[in-house]
Amino acid sequence: MFDTMIPTLEAYYASKPEPYQSCLLALKDIILRTNAGICHERKFQIPFFTYKGKKLGYLWLNGKKLMVGFCWDKSLQEVIPNVKPKDKYESIRIDPNADIPIDIILG
């Protein structure tokens with residue numbers, strides 16, 4: 001009973017309407033095929049990707065805005081005295097009715 005209460009990644013994708021669902025699944029496959037070390041999990045209620053424990057990126061559908069976010073993990077940043085490093089995020093909007101910009105995502 002407890003397992004059914006935990007939202008799964010499959011449930012996340014299945015809950016999205018077309019064409020967003022197909023686009024999200026294609027993006028997931030593109031990211032996971034890039035490197036066998038990439039892990040796929042649900043974090044912050046959205047699909048999140050990590051590599052060797054470091055934040056890599058995420059997929060996010062907010063209303064009709066489909067975004068692919070990329071993370072720059074603070075543990076990879078140069079240490080500057082008296083400055084607390086923060087994770088940095090950049091995202092691009094994806095049109096689910098157009099070709100996926102694979103060169104940008106893999107770049």
Should Leu56 and Ile38 be marked as a side chain to side chain contact (heavy atoms under 4.5 Å, CB included) after you check the CA-CA gap, both sets of side-chain angles, and the distance that decides it?
CA-CA 8 Å; Leu56 182 63; Ile38 295 175; 3.7 Å; yes

Please check if atom NZ in Lys65 has more than 12 non-hydrogen atoms from other residues, nucleotides or ligands closer than 6.0 Å.
no

Residues Met67, Leu59; criterion side chain to side chain contact (heavy atoms under 4.5 Å, CB included); working and verdict:
CA-CA 6 Å; Met67 308 295 287; Leu59 301 176; over 6 Å; no

A side-chain contact here means heavy atoms from C-beta on lying under 4.5 Å apart; do Phe48 and Cys71 qualify?
yes

Once rounded to the nearest 0.5 Å, what's the spacing between atom OH of Tyr58 and atom CZ of Phe44?
10.5 Å

Please set out all donor-acceptor pairs under 3.5 angstrom arising from side-chain atoms of residues 20-30, sequence neighbours excluded.
from: Tyr20; atom 1: OH; to: Lys64; atom 2: O; distance (Å): 3.4
from: Gln21; atom 1: NE2; to: Tyr13; atom 2: O; distance (Å): 3.0
from: Gln21; atom 1: NE2; to: Ala14; atom 2: O; distance (Å): 3.2
from: Gln21; atom 1: NE2; to: Lys16; atom 2: O; distance (Å): 3.2
from: Ser22; atom 1: OG; to: Glu18; atom 2: OE1; distance (Å): 2.7
from: Ser22; atom 1: OG; to: Glu18; atom 2: OE2; distance (Å): 2.9

Smallest heavy-atom separation, Lys55 atom then Thr50 atom, equals CA-CG2, 4.3 Å

Heavy-atom check, side chain of Arg42 versus side chain of Pro47, under 4.5 Å
no

Okay, side chain of Thr8, backbone of Ala11: is any donor-acceptor separation there less than 3.5 Å?
yes

Chi angles and distances behind the side chain to side chain contact (heavy atoms under 4.5 Å, CB included) call for Leu61, Tyr12
CA-CA 10 Å; Leu61 180 61; Tyr12 177 86; 4.0 Å; yes

Return a table of donor-acceptor pairs under 3.5 angstrom between the side chains of residues 91-107 and protein atoms on other chains or two or more places apart.
from: Asp95; atom 1: OD1; to: Asn97; atom 2: N; distance (Å): 2.8

